[in-house]
2 protein chains.
Amino acid sequence: MDTERRTPGQQVEQVRRFNRTVAEHVGVLHDQYLGGARPYGQARLLWEIGDTETHDVRSVRARHSGYISRLLRALEADGLVAVEPHPRDRRVRTVRLTDAGRTERAQLDARSQDLAGSLLHPLDPAQRTRLTAAMAEVERLLTASVVSVETLDPDHPDAVHCLRSYTAELGQLFDSGFDPDRTLLPDPGELRAPRGLFLLARLHGEPVGCGGLKLPADAPAEIKRLWISPQARGLGLARRLLSQLESRANDLGRKVVRLDTNRALEAATRLYRTSGYTEVPAFNDEPYAHHWFEKHLA
Amino acid sequence: MDTERRTPGQQVEQVRRFNRTVAEHVGVLHDQYLGGARPYGQARLLWEIGDTETHDVRSVRARHSGYISRLLRALEADGLVAVEPHPRDRRVRTVRLTDAGRTERAQLDARSQDLAGSLLHPLDPAQRTRLTAAMAEVERLLTASVVSVETLDPDHPDAVHCLRSYTAELGQLFDSGFDPDRTLLPDPGELRAPRGLFLLARLHGEPVGCGGLKLPADAPAEIKRLWISPQARGLGLARRLLSQLESRANDLGRKVVRLDTNRALEAATRLYRTSGYTEVPAFNDEPYAHHWFEKHLA
DNA sequence: TCCATTCTCTGACTCTAGTCAGGCAATAAG
DNA sequence: CTTATTGCCTGACTAGAGTCAGAGAATGGA
């Protein structure tokens, strides 16, 4: 694996070179596997409808514009999909694959698999391992790079979703369970300006993580509710939220941030230690905390 | 970096997942950077013509079919390219960018660069380094996987090209220079059936490496002229050619292959040692050899 | 009940990216 | 000098992938 130092300019060049090479290879792959007898648009739609699920045409339209009506007619004429009114709202229509549709989709699938195999085939086992590992890495980091972070009201449905997931997960992880009524910070107002703030991370629009910052007038800033959705772990998101919370605190004139955590949250504890936090004596009565940390901001 | 063992099926799945993710990201990149006011085909052509060179329309046509005439007219009408007859053969026409064309191409370039930057921007420095390193790895291995190897007559122009490059390179590398007349194997017939064989590696149709196998009736098989073009090094090609030569020898009933090499060729010597070759006493009078190796085939 | 909105479809149109056959001019081969 | 070939262009045609405006049916709200 290449570990040379690169300047930012060289890194941008590497990304562009990668885009060119990969667009060529993957593009060819993609086109060929979708490019049977069926035109691209139809094949893509067939693929998206998927094997088992039934989709509202409404939601498919959001990705394909009005043109899907025609695509659907074409697939319907060939007996690949069945379009039926939604049982509840008969304006909405639903699509699902017929048996013939599933057969044809399976062919696309086999084709895609063959072509993926054809990339691996000329390589020796060691190279295959390296290639797939590097692909996983690229995928992970590209995914990480499209995650956006925004400030959000802690009562927003997406924020509530994250906070609920957070407490649900703690309930499973802590030996003692987790009773939201016993913990400190019962009040979402503490994570809303001017008493604090709340950050939410999104991936393709879906909420995948959050972190809150309490800004009491008479005490150091305090980080609360730092949580990353299980599907979004391994992307370095927690570190990113943490550092954004710190820099927001710094911008607001705070010199110190602190936080508490439970011993069951090992990854979090490691994160704090490797992010410059040092363990300090308990600064609150949080019943679920085992470790208390603080960090002096630069 | 992920170094878990994967089964072949999991590897194929990883490649397909990669294709999906990357097609999405890179596709968006690609489309957006080419998708200014100008339609895709025109932008692509503008890009391919390049900043400085003058191209024969003939050679561009090979990639774009007859349709380029129209694309060229469109670009010409906008004053982006100049089309002129070739000074030598006035049937052939040449294209080059005008100043306006160079300006517009620079905008495409800037756009592409911005978008590559936007992938890196959300990442922290350690992640950027990891991403670009993984991208380089993927690029390298994907390139390796599209290299094809074929049996070719050693008098074929592409074979001759490789063999010339090989001797030219030895001339530079050896302290003593390299005089093709003094070395053994003056006869290309020795690398042609039934007395031997010759393998050529191609990348996108271009010859990028070769290797010969001598099959004397009264002696072990012997590997000769193993060479990889400088632009194609680091792809594991030499090892691939070597192992193909071995398996060809094996298929022809040979139990032992041997070869000689010069001490200046350190990478080659390392390759032989790590491929199961053991050093043996000189088995010929090759004046340019310092090491003699042999391997018993399984 | 009536009216506005939502969801979907269709006809008419457009643009891009081709293919194909034919034609013209320059050059190469005999 | 004639003929064949090469390279390029153009007109006529096509397919795919859309856009846009309008219409019709179902639903929700006042």
Side-chain angles (χ1 to χ4, degrees), chain A residues 23-24 27-28 30-49 53-96 104 108, chain B residues 23-24 27-28 30-49 53-96 104 108:
Chain A
E24 212 173 283
V28 166
H30 201 69
D31 292 357
Q32 287 190 359
Y33 105 77
L34 284 174
R38 210 156 283 290
Y40 198 85
Q42 286 181 32
R44 198 166 47 137
L45 184 52
L46 199 57
W47 186 262
E48 275 184 28
I49 291 174
E53 308 107 274
T54 296
H55 296 259
D56 291 0
V57 171
R58 180 174 43 176
S59 61
V60 182
R61 190 187 304 279
R63 295 191 294 281
H64 287 262
S65 82
Y67 182 55
I68 39 135
S69 282
R70 278 175 239 275
L71 291 176
L72 281 177
R73 289 303 83 71
L75 294 178
E76 211 176 7
D78 288 355
L80 303 181
V81 301
V83 182
E84 284 152 4
H86 192 284
R88 293 261 237 303
D89 180 344
R90 283 161 56 213
R91 288 172 304 184
V92 178
R93 309 189 69 189
T94 60
V95 224
R96 58 182 175 73
E104 184 151 340
L108 292 183
Chain B
E24 213 174 284
V28 167
H30 201 68
D31 292 356
Q32 288 191 359
Y33 104 80
L34 284 173
R38 207 156 287 287
Y40 199 84
Q42 287 182 32
R44 200 166 48 136
L45 185 53
L46 199 57
W47 186 261
E48 276 183 27
I49 291 173
E53 309 108 272
T54 296
H55 296 259
D56 291 0
V57 171
R58 181 175 40 178
S59 61
V60 183
R61 189 186 305 277
R63 293 191 295 280
H64 288 261
S65 82
Y67 182 54
I68 39 134
S69 282
R70 280 175 237 274
L71 291 176
L72 281 177
R73 289 302 85 72
L75 294 177
E76 212 177 5
D78 289 355
L80 302 180
V81 301
V83 181
E84 283 151 5
H86 192 284
R88 291 260 238 304
D89 181 344
R90 283 163 52 212
R91 288 173 302 186
V92 178
R93 310 189 71 190
T94 59
V95 224
R96 58 182 174 73
E104 184 151 341
L108 292 183

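Below, read A as the first sequence line, B as the second, and so on, with proteins coming before strands; counting in each chain starts at 1.
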No-H, no-angle donor-acceptor pair, A/R70 side chain to D/dT19 base, under 3.5 Å: yes

Rounded distance in Å - [atom1] ([X]) to [atom2] ([N]):
| X | N | atom1 | atom2 | answer |
| --- | --- | --- | --- | --- |
| B/R44 | C/dA17 | CZ | P | 8 Å |
| B/Q42 | C/dG18 | CD | P | 12 Å |
| A/R73 | C/dT10 | CZ | C1' | 10 Å |
| B/E84 | D/dG7 | CD | P | 19 Å |
| A/L75 | D/dG16 | CG | C1' | 14 Å |
| A/I68 | C/dC9 | CD1 | P | 7 Å |
| B/L71 | D/dC8 | CG | C1' | 14 Å |

Side chain of B/Y67 (C-beta onward), nearest among C/dT8, D/dC9, C/dT16: C/dT16

Closest nucleotide among C/dC7, D/dC8, C/dT10 to the A/R58 side chain: C/dC7

Student check: side-chain heavy atoms of B/R73 and B/V83 closer than 4.5 Å: yes

Look for any protein N or O under 3.5 Å of an N or O in nucleotides 22-24 of chain C and output each such pair with its distance, or none.
none

Interatomic spacing from CD in A/Q42 to CG in A/D78 - rounded to 0.5 Å: 6.5 Å

Spacing of A/R93 atom CZ and A/D56 atom CG [to the nearest 0.5 Å]: 12.0 Å

A/R93 side-chain N/O to C/dC7 phosphate OP1/OP2 under 4.0 Å: no

Passing option when A/L75 is tested against A/V95, A/I68, A/V81 for side-chain contact (heavy atoms from CB on, under 4.5 Å): A/V81

Contacts of type side-chain contact (heavy atoms from CB on, under 4.5 Å), residue B/D89, not counting sequence neighbours: B/R91, B/V92

B/T94 (side chain) donor-acceptor with B/E84 (main chain) under 3.5 angstrom: yes

Return the polar atom pairs (N/O with N/O) between nucleotides 27-30 of chain C and the protein under 3.5 Å, or none.
from: C/dT27; atom 1: OP1; to: B/R90; atom 2: N; distance (Å): 3.1

